[in-house]
Amino acid sequence: MKMLHEDVLKIHIAGGDILNTKQLKWLSYATSFIMLMATLGGTVVTKTDAGLGCGKEWPLCNGTFVPAHTLSSLIEYSHRAVSGAAGMVALAAFIAFMIYRKERRDLRMYATLSLIFVIIQAGMGAFAVVFSQSSAIMALHFGFSLIAFASSVMLALGMRQEDKQQHLAPLPPAAPVTKGLRNWVWFATAYTYIVVYLGAYVSHTNSAGGCSGWPLCNGALIPELSGGVTIAFIHRLGAFLLFIVIGIVGHFAYRHNPYNKEIRSLGVWATVLVLIQILTGGFLVFNLYNPRMYIFASLAHIFVLATLFGVLCYMSVRTWQLSRSAVREERMTKHV
């Protein structure tokens, strides 16, 4: 009888919760994974020119629910199926966190953003199939899918932290951070999104071949700028500046926050990921004319990029929260 009572308590946490912390954590993990698969699937569609593999029809594929057995139609239809699954799991996460985490505004915000942006990017994808869109709009479509994935990553990281805290002794509040670090992180996150957009624009305008060789562009530090060369070179320049910006963030996060392990870890991860991101970009250039390796290189590039953006978004929220605690401490000190 006692064991039965304990089981009921585990199920009905906080006055009637059916999903416990561990189950919510795994739901957030599943959401992130499927969001990632949808993002990578979009990359495969773009790199293989399979966007019209189902013709100019949506949700049907060439007039049927079951696509013809051609490579382009299977790629496009698979991407649609995964995107649909991403929408369903995002909706499930949204409902679950609205019901069972009413006290966690941050987790509810992440779940809401995931749902909103997966719907937006799916709608833009459907619109692009039926009505041809410009490269600028298609690049924005990728940007929205990245925000949806980053939101799901923040949800997963937030639940992971909560689950860890439940199994440990109560910890003291995390050490506050300065407004300066918070502003640097915000700037780095916004600038990363701009570089992401430039990269997607390079892809959708078929300008990747504008710069042959790496790290030089057509054998020059500053090439003759025209057409695709200009687009590709601007993206490379933006990526180089991004490395500097995130390097500064990583330095301040690690060196100036000795008592905040979380912020130090996030700074290190961001720095390592941006370095890997640049290296995968070089690997991508060297395999432009090797179709099989080019797809692999593109997926690796996007995977690292998506992870980096997710880490920076989460770091943006955490530095905002911890900088507010620093302000509160300062006010309390003045009143004493």
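On a predicted model such as this, the values are computed, not experimentally measured, just so you know.
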**Request:** Could you check Gln321 against Arg324 for side-chain hydrogen bond (donor to acceptor under 3.5 Å, both in side chains), going step by step and ending with a plain yes or no?
**Result:** CA-CA 5 Å; Gln321 292 171 335; Arg324 292 176 67 194; over 6 Å; no
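- By the neighbour-count criterion of 12 heavy atoms within 6.0 Å, atom CD of Glu103 is densely surrounded, having more than that number from other residues, nucleotides or ligands.
- Partner Phe309 forms a side-chain contact (heavy atoms from CB on, under 4.5 Å) with one of Val195, Thr192, Val304 and no other, that one being Thr192.
- Taking the six-membered ring where the residue is Trp, Phe117 and Phe144 present tilted rings, their angle falling between 30° and 60°.
- Residues Lys47 and Ile295 approach most closely at CB-CD1, 3.5 Å, considering heavy atoms.
- Between Phe187 and Trp184, the ring-plane angle classifies as perpendicular under the 30° and 60° cut-offs.
- Phe303 contributes atom CZ, which lies 11.5 Å from atom CG of Leu308 (distance to the nearest 0.5 angstrom).
- Summarising the geometry, atom CZ belonging to Arg318 is positioned 10.5 Å from atom OG belonging to Ser323; distances are rounded to the nearest 0.5 Å.
- A pairwise comparison of heavy atoms in Ile263 and Met315 identifies O-CE, 4.0 Å as the closest pair.
- Other residues, nucleotides and ligands contribute over 12 non-hydrogen atoms within 6.0 Å of the CZ atom of Phe283.
- Atom CH2 of Trp58 is surrounded by 12 or fewer heavy atoms from other residues, nucleotides or ligands within 6.0 Å.
- Between Ser152 and Ser32 the shortest heavy-atom distance is O-OG, 2.8 Å.
- Taken from CD1 in Ile302 to CG in Leu146, the straight-line distance is 8.0 Å, to the nearest 0.5 Å.
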Let me have the donor-acceptor pairs involving side chains of residues 81-93, under 3.5 Å, with sequence neighbours excluded, atom names and distances please.
unit_1, atom_1, unit_2, atom_2, d
Ser83, OG, His79, O, 2.9

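- Taking the ring axis of Tyr254 as reference, the NZ or CZ atom of Arg264 stays within 45° of it and closer than 6.0 Å to the ring centre.
- In terms of heavy atoms, Tyr294 sits closest to Ala208 at OH-CB, 4.3 Å.
- With sequence neighbours excluded, the residues that form a disulfide bond (SG atoms under 2.5 Å apart) with Cys211 are Cys217.
- The two atoms that bring Thr112 and Phe94 nearest to each other are OG1-CE1, 3.4 Å, heavy atoms only.
- The number of heavy-atom neighbours closer than 6.0 Å to CH2 of Trp269, taken from other residues, nucleotides and ligands shown, is 12 or below.
- From Phe149, atom CZ reaches atom OG1 of Thr307 across 5.0 Å, with rounding to the nearest 0.5 Å.
- Nearest heavy-atom pair across Met124 and Ile137 is CE-O, 3.6 Å.
- Remark: Thr205 OG1 to Ile231 CD1 distance equals 4.0 Å, nearest 0.5 Å.
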**Message:** Evaluate Ser203 against Thr46 for side-chain hydrogen bond (donor to acceptor under 3.5 Å, both in side chains), listing each step before the verdict.
**Reply:** CA-CA 8 Å; Ser203 182; Thr46 300; 5.3 Å; no
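- To the nearest 0.5 Å, atom OG of residue Ser316 and atom CG of residue Leu266 are 10.0 Å apart.
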